[in-house]
Amino acid sequence: METWKRNLIVCWFGSFATTAGMNLVIPFLPLFIKELGVHRTANIEQWAGSAFAATFLLSAIVSPIWGRVADRRGRKLMLLRASLGMAIVMTLIGFVHNVYELVLLRFLMGAVSGYIAAAIALVATQTPETHSGWALGTLSTGAVGGTLLGPLIGGWLVGEIGLRHVFFATGSFLLLSFGVTWLFVQEEFVNKNEHRSSMRQVFRSIGQPGVVVSLFLTTFMFQFANMSIEPIVTVYVRQLSHSSNHVALISGAVFSASGLASIIAAPQLGRLSDKFNARHVLFVCLVASGLLFIPQGFVSSPWQLMGLRFLTGLFIAGMLPSINYLIKTSVPNSVAGRIFGYNQSAQYLGNIAGAMVGGQLAAFAGFRAVFFSTSGLLLLNGFWLLLGSSGTTLARSQNL
């Protein structure tokens, strides 16, 4: 098997493991906090929100830092650091005695994260250009799969082995990712960053920094749009179903529909980026998903919502691979780790901001306002990206 294909398989597994590890606590986090001595419902919700957001907030802060280290020391080293660090922290969470220790360790997990950004940089720089779009699309399904299956796996494991043992099992899974990465990932890395570079110097080394910044904003926007729906899904499904029977199950299916579609479509849309202009693929995905958000505000049953969420996921699937492909062809390999780190930060920030704003907007303006505003943002982003990049030729030759 070719080296780049083996690297892709291992990085896919590691992306799935680390993303699942970051998300598997979602179903039982309030139960765990209650077990740690917090009993008032309002306090449990506050602590659960803090513990959940802590990981993603700090991940957004440190991703560019670890990206800089990756550019200087190699991306494989960052894969090993992140997988081993998360394995240790996840195991330690199983031993916490109070909620303060839990939040602290969730912060620490964010601090040692960075596997996904390093994996994207490794795959982007080691894969032949003719297969880059497909490889990046395939890699993205690992993170999507972890986000989808993490909560399901966590909820199942609680019933089988108990709350605390879930953390030990997950730590072992992450340790397996470390071992597989150590044994099978091969990187042809040459250090071209012998001296420290400031952010300004990094962007000066990019032929078209404005294009890259617009891609960061697009990453933030599509993740913001995707996550803005999550806080309202259960309540919206309950309103549509006119019954409390199986609301949780139906809500889970509605939420998973988009992710399942993304897993199916991402490699194929990535392949389109290899054959055609990735900027056009990204534009179509932004506009199509933006239009599909509109009818979601008018549905009359959960099944209609599920179908529309599935269709939306087919186009959301093409966004991140197209963005990563455009970043790859816009920046020198010597700073790719840091640039992908910035893009990962934009994704995490969109994750947090989307969930917060979506819930607040629904509370004050209703469910339709969430879908309509999200649609408007995606459509605006699509046309802004098209107009801003019009006539621009990405300088591929300088990055090879």
Side-chain angles (χ1 to χ4, degrees), residues 14-66 78 81-118 143 146-155 157-158 161-175 177-178 223 227 230-231 341 344-345 347-356 359:
S15 296
F16 175 86
T18 54
T19 309
M22 293 173 73
N23 287 277
L24 67 84
V25 302
I26 295 173
F28 62 87
L29 190 58
L31 298 177
F32 191 48
I33 290 174
K34 185 175 182 180
E35 185 179 284
L36 293 174
V38 180
H39 299 293
R40 290 185 56 191
T41 302
N43 291 340
I44 290 175
E45 292 176 351
Q46 290 174 349
W47 281 112
S50 299
F52 176 74
T55 299
F56 295 100
L57 179 60
L58 207 59
S59 295
I61 296 173
V62 304
S63 285
I65 299 174
W66 291 126
M78 292 300 98
R81 175 202 56 76
S83 54
L84 181 60
M86 291 185 68
I88 293 172
V89 174
M90 185 65 73
T91 302
L92 289 175
I93 291 178
F95 293 104
V96 298
H97 298 95
N98 56 63
V99 72
Y100 302 103
E101 294 174 353
L102 172 63
V103 174
L104 178 62
L105 285 173
R106 289 284 296 177
F107 263 113
L108 186 58
M109 180 175 291
V112 300
S113 66
Y115 190 100
I116 295 175
T147 301
L148 282 178
L149 296 182
L152 296 176
I153 294 171
L157 284 176
V158 168
I161 62 178
L163 284 170
R164 290 184 179 271
H165 289 90
V166 172
F167 297 106
F168 303 145
T170 308
S172 300
F173 193 51
L174 290 167
L175 189 61
S177 176
F178 169 81
Q223 190 65 18
M227 292 302 296
E230 184 175 352
Q344 192 67 41
S345 295
Q347 188 174 357
Y348 284 135
L349 291 174
N351 193 358
I352 297 170
M356 292 176 58

Least distance between heavy atoms, [X] atom then [Y] atom:
| X | Y | value |
| --- | --- | --- |
| G350 | M227 | O-CB, 4.3 Å |
| A111 | R81 | O-NH1, 4.5 Å |
| L102 | I33 | CD2-CG1, 3.8 Å |
| V62 | G110 | CG2-O, 3.4 Å |
| L174 | A17 | CD2-O, 3.5 Å |
| G146 | T19 | C-CG2, 4.0 Å |

If you round to the nearest 0.5 Å, how far is [atom2] of [Y] from [atom1] of [X]?
| X | Y | atom1 | atom2 | answer |
| --- | --- | --- | --- | --- |
| I93 | T170 | CD1 | OG1 | 9.0 Å |
| F167 | I161 | CZ | CD1 | 10.5 Å |
| F16 | L148 | CZ | CG | 9.5 Å |
| K34 | N43 | NZ | CG | 13.0 Å |

- Evaluate the side chain to side chain contact (heavy atoms under 4.5 Å, CB included) criterion for residues V96 and R164: first the C-alpha distance (whole Å), next the side-chain angles of each, then the deciding distance (0.1 Å), finally the verdict. CA-CA 9 Å; V96 298; R164 290 184 179 271; 4.3 Å; yes
Look at the side chain of [X] and the backbone N and O of [Y], then say whether any donor-acceptor pair between them is shorter than 3.5 Å.
| X | Y | answer |
| --- | --- | --- |
| T55 | R106 | yes |
| T18 | S15 | yes |
| S177 | F173 | no |

- Message: One pair to check against side chain to side chain contact (heavy atoms under 4.5 Å, CB included): V89 and M86. What are the steps and the verdict?
- Response: CA-CA 5 Å; V89 174; M86 291 185 68; 5.7 Å; no
- Query: Would you say the side chain of N98 lies within less than 4.5 Å of the side chain of E101, judging by non-hydrogen atoms?
  - Reply: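 They are in side-chain contact.
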- Task: Fit a plane to each ring of W47 and Y100, take the angle between them on a 0 to 90° scale, and name the class: parallel (under 30°), tilted (30 to 60°) or perpendicular (over 60°).
- Result: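 Correct class here is perpendicular.
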- Go through the side-chain N and O atoms of S113 and S59 and say whether any donor and acceptor fall under 3.5 Å apart.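 Present: a donor and an acceptor within the cut-off.
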- Task: Could you give me the CA-CA distance, side-chain angles and deciding distance for T91 and I88, then say whether side chain to side chain contact (heavy atoms under 4.5 Å, CB included) is met?
- Result: CA-CA 5 Å; T91 302; I88 293 172; 5.9 Å; no
- Query: Does F178 have its ring centroid less than 6.0 Å away from the ring centroid of Y115?
  - Reply: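 No, the ring of F178 stays outside the 6.0 Å limit from the ring of Y115, centre to centre.
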- Task: Go through the steps for I116 and Q347 under the test side chain to side chain contact (heavy atoms under 4.5 Å, CB included), then give the verdict.
- Result: CA-CA 11 Å; I116 295 175; Q347 188 174 357; 5.9 Å; no
